[in-house]
Protein chains: 2
Amino acid sequence: MTGRQSRHELVAATMRRRIMNGEYAIGTSLPSESALCAEFDVSRGPVRQALATLRNEGLLVLSQGRPATVRSRDVTQTLDTFTPFSQWAARTGRRPGSRTLEVARRRASGAAADALGLTPDDTVVDVLRVRYLDGEPTMFERSTFAETVGELLFRFDTDSGSMTDYLTEQGVRFDSMEHVLDAVAADALDAEHLTIAPGSPLLRERRTSRDALGTPFEYADDRYRPDLVTFSIVNSRTVQPQWRD
Amino acid sequence: MTGRQSRHELVAATMRRRIMNGEYAIGTSLPSESALCAEFDVSRGPVRQALATLRNEGLLVLSQGRPATVRSRDVTQTLDTFTPFSQWAARTGRRPGSRTLEVARRRASGAAADALGLTPDDTVVDVLRVRYLDGEPTMFERSTFAETVGELLFRFDTDSGSMTDYLTEQGVRFDSMEHVLDAVAADALDAEHLTIAPGSPLLRERRTSRDALGTPFEYADDRYRPDLVTFSIVNSRTVQPQWRD
DNA sequence: CAGTGGTCTAGACCACAGT
DNA sequence: CTGTGGTCTAGACCACTGA
């Protein structure tokens, strides 16, 4: 079971739970690294990696000479970690839902073809879904998959849960994802399925997923109701690249 | 000015330059970690930390058993997201501009007071600016500073350049920033200064900046024209080497 | 000042990649 | 198989924090 979990993941998971429980309160200091090493019986490496993970999730503030302090216990949709819609919903204690409008095999075209590096000679699989949180329409998803991956979806009930989880089980490796965020006015289709007025502002995430070799195999255009979902990212300025000349 | 540079920073800076130069072409493999250790005469720790940095910037794809491969040479794709406006503009080869509408000392209220943890008894400094790229109005910025920091701005020409750089010179430490992204319809003020129609979708970034102790001292509501600016983030599902930043 | 985190070294073992 | 990266250890030195 947990044999697959590395030590730094175990430490991070334990600390994350304590922060979310309130066992480590906001504004308080964590135990020192050496104390954590003793508690988990590991060396400093895994402990520091776990602390870095939690800092990237926005839960901790790290600074030199002073133990880490708890910054937040929020579980927001941080773009720093890859969190598919279904998993994110579950983690925030809400019930995710899906209604599939279309699963289609067709020729590649438009922005998706560009992102996937395909020509009109190539075939793709498009999926159109409305995603729900606690029964409320929250996001409208237009996904395009390269054929070899998309074919797997014809054997999957796209209303039943996470395509990402299913594809991962089928051996598809989501190695890196690029997210481009902007705002668009709701078109007629968006408005109808998200039950909002046409022209309302929507938060759009365009996503390109790549395998371990860097080859893109998924392009998605997801439009969120901004009253229901926001994205957040925490970054630290302590890392300062060189272009300060 | 840069003073002491750690070894992993030196390695990261060198590799970043080579990727941006095209010396390491997109799609090719980097030298193995042991080769890099030999070249820079460091142990694996600093080399791995440097690779993790470049991966987080979206330049590299890392995977087990195979040397890192170059994914992109466009640093702006990722780091531009939340670097200060002036620096970001300069890096993308465009001319930044500012027009200040207001610099005011007043009582704390609203979302800014909440974010800064202040009450109406506390005083803040508000700054309203229109930001330009190559002369075109691009972003409308509503910033609120805690009094001790904001006071410094009365001695600064807010049209002349980067408030962030100025405040940093004055000893203000931007240790971490939290960004929340969503979409809003342009209000009358937005529309007037960004020369768009009222109700147009805008990409909003709400930012809270904190010092090393985690105390917030800046809250900003920045609204971007989505036809001119987008945000992008690259991340990886596989969790990271021994150190991240 | 003592304690802390930031960095670094020189080893080691394992899982995975390509041969 | 060999070589690679992912993980871990047990030390060490330095810079910074706070009493």
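Protein chains get the first letters and strands the later ones, always in sequence-line order, with residue 1 at the start of each.
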Side-chain N or O of Arg66(B) closer than 4.0 Å to phosphate OP1/OP2 of dC16(C): no
Side-chain heavy atoms of Asp122(B) within contact of Arg107(B), under 4.5 Å: no
Nearest-angstrom distance from the residue atom CG of Leu30(A) to C1' of dT17(D): 17 Å
Atom pair distance, as rounded to whole Å: CG in Leu60(A) and C1' in dG5(C): 13 Å
5' precedence on DNA chain D between Val42(A) and Gln64(B) (nearest-nucleotide basis): Gln64(B)
Carboxylate-amine/guanidinium proximity below 4.0 Å for Arg206(B) and Asp182(B): yes
Pair partner, dT19(C) [Watson-Crick or wobble, under 3.5 Å]: none
5'-most by nearest nucleotide on DNA chain D - Gly65(A) or Ser34(B): Ser34(B)
Integer-rounded Å distance: dT17(D) P and Leu62(A) CG: 14 Å
Length of the line joining Leu10(B):CG and dT7(C):P, which is rounded to integer Å: 14 Å
Separation of atom CZ in Arg7(B) from atom C1' in dC14(D), rounded to whole Å: 12 Å
Within 6.0 Å of CG in Asp41(A), more than 12 heavy atoms from elsewhere: no
Nucleotide dG5(D), atom C1' - distance to CD of Gln49(B) in whole Å: 17 Å
Asp41(B) CG - dA10(C) C1' separation (whole Å): 13 Å
Stepwise ring pair (Phe, Tyr, Trp, His ring centres under 6.0 Å) check, Tyr224(A) with Phe231(A): CA-CA 10 Å; Tyr224(A) 292 85; Phe231(A) 291 94; 5.0 Å; yes
Ser43(B) side chain near dA10(C) phosphate (N/O to OP1/OP2, under 4.0 Å): no
Residue-phosphate contact under 4.0 Å: Arg48(B) side-chain N/O, dG6(D) OP1/OP2: yes
From dT4(C), dT7(D), dC8(C), nucleotide with atom closest to His8(A) side chain: dT7(D)
Test side chain to side chain contact (heavy atoms under 4.5 Å, CB included) applied to Met15(B) and Leu30(B), Leu60(B), Val47(B), Thr53(B), the passing residue: Leu30(B)
Side-chain donor/acceptor contact of Arg44(B) with base of dG6(D) under 3.5 Å: yes
Nearest-Å distance for atom pair CG/P, residues Leu36(A) and dG3(C): 17 Å
